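The model shown is predicted, which means the values in this text are computed figures rather than measured ones. Within every chain, numbering begins at 1; the chains are lettered A, B, ... in the order of the sequence lines, protein sequences first and strands thereafter.
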2 protein chains.
Amino acid sequence: MTDKDCLFCKIIDGQIPSHKVYENDLVLAFLDIFPLSYGHTIVIPKKHYYNFLDMPEDDMGNYFKELKKISLLIKEKLKIDGFNIVQNNFPAAGQVIPHLHFHIIPRMKGDGPLRMIPGKVQAKEDDLRKIIKKIKD
Amino acid sequence: MTDKDCLFCKIIDGQIPSHKVYENDLVLAFLDIFPLSYGHTIVIPKKHYYNFLDMPEDDMGNYFKELKKISLLIKEKLKIDGFNIVQNNFPAAGQVIPHLHFHIIPRMKGDGPLRMIPGKVQAKEDDLRKIIKKIKD
């Protein structure tokens with residue numbers, strides 16, 4: 001079910017640490033360390049699928065219920081005004097990690113158009129910890 | 001089920017014309033007339049829901065199967081290298097039309113990062129017709 005060379009499988013296995021937003025048997029949600037906005041979260045299935053086209057159709061209902069649950073959690077706890085769901089398929093679309101993932105990108109009023117180019121600024125550990133604390137409280 | 005003031009409900013009802021990519025009882029897919037890329041398609045449920053948080057959980061499996069089917073159709077017929085799925089929730093996230101919709105944004109190798117600002121250039125009718133012809137063939 002996991003791919004030994006996949007970064008996200010290593011995060012699921014705990015080989016690589018992450019700032020966990022939510023976890024259950026089916027999915028893991030964690031903060032993007034190159035955030036496009038405050039609270040930018042990545043949601044992944046625990047099973048290794050390459051991208052959206054490889055997600056088994058019979059499991060889709062369950063996965064998207066989780067995506068909704070996590071979206072609501074972030075919306076309520078971080079008091080955001082809106083959010084974008086973005087999911088990239090194949091390298092031409094900017095897919096870097098070969099493991100299906102959904103971006104939940106929180107937005108506040110007046111943010112303007114979504115900038116998909118993060119400028120590659122890595123978040124500070126302490127800032128990420130503070131966000132998780134807000135979500136867990 | 002429909003909202004009389006909603007632009008997308010009017011497209012579903014046929015009051016406003018659209019370049020249809022795919023249609024069945026559950027969903028309608030049509031070309032965005034302000035495309036971010038060649039073949040940019042909008043997928044909407046025929047029932048009027050405001051955004052992702054209002055989609056009934058029990059229907060999610062069926063809706064996302066359709067989204068996959070339409071993604072595959074576009075990928076095969078337009079011979080694209082990849083695609084982004086983008087879905088905006090609330091005005092702060094750029095949601096303009098108050099009817100749940102998913103963007104399928106085709107991408108080709110070398111396109112570079114997704115630009116979410118289309119520059120508001122409306123597509124030419126004839127170009128849209130040619131795309132539909134490719135998809136229907």
Inset, instruction - Is it possible for you to say whether A:I11 and A:L128 belong to one hydrophobic cluster, with membership spreading through side-chain heavy-atom contacts below 4.5 Å? - result: no
Legend entry - Members of residues 87-103 of chain A whose heavy atoms come closer than 4.5 Å to chain B: A:Q87, A:N88, A:N89, A:F90, A:A92, A:A93
Inset, instruction - Might you confirm whether atom CG of A:D25 has over 12 heavy atoms from other residues, nucleotides or ligands at distances under 6.0 Å? - result: no
Inset, instruction - Could you tell me the separation between the CG atom of A:L7 and the CD1 atom of A:I12, rounded to the nearest 0.5 Å? - result: 10.0 Å
Legend entry - residues 66-78 of chain A: residues contacting chain B (heavy atom under 4.5 Å, by number): A:L67, A:K68, A:S71, A:L72, A:K75
Inset, instruction - Group every Ile, Leu, Val, Met, Phe, Trp and Tyr by side-chain heavy-atom contacts under 4.5 Å, then state whether A:I44 and A:L31 land in the same group. - result: no
Legend entry - Ring centres under 6.0 angstrom apart (A:F30, A:F8): yes
Inset, instruction - Taking all heavy atoms of B:P106 and all of B:I80, pick out the closest pair and write down the distance. - result: CB-CG2, 3.5 Å
Inset, instruction - Decide whether A:F64 and A:I104 are clustered together by the hydrophobic rule: side chain heavy atoms of Ile, Leu, Val, Met, Phe, Trp, Tyr closer than 4.5 Å, transitively. - result: yes
Inset, instruction - Just give me the residue among A:D59, A:D81, A:L53, A:V86 that pairs up with chain B most often, heavy atom to heavy atom, under 4.5 Å. - result: A:L53
Legend entry - Contact summary for A:Y38 and A:K134, nearest pair of heavy atoms: OH-NZ, 3.2 Å
Inset, instruction - Can you establish whether the number of heavy atoms outside B:K136 located under 6.0 Å from its atom NZ is more than 12? - result: yes
Inset, instruction - Check the hydrophobic clustering (I, L, V, M, F, W, Y; side-chain heavy atoms under 4.5 Å; chains of links allowed) and say if B:M55 and A:F83 are grouped together. - result: yes
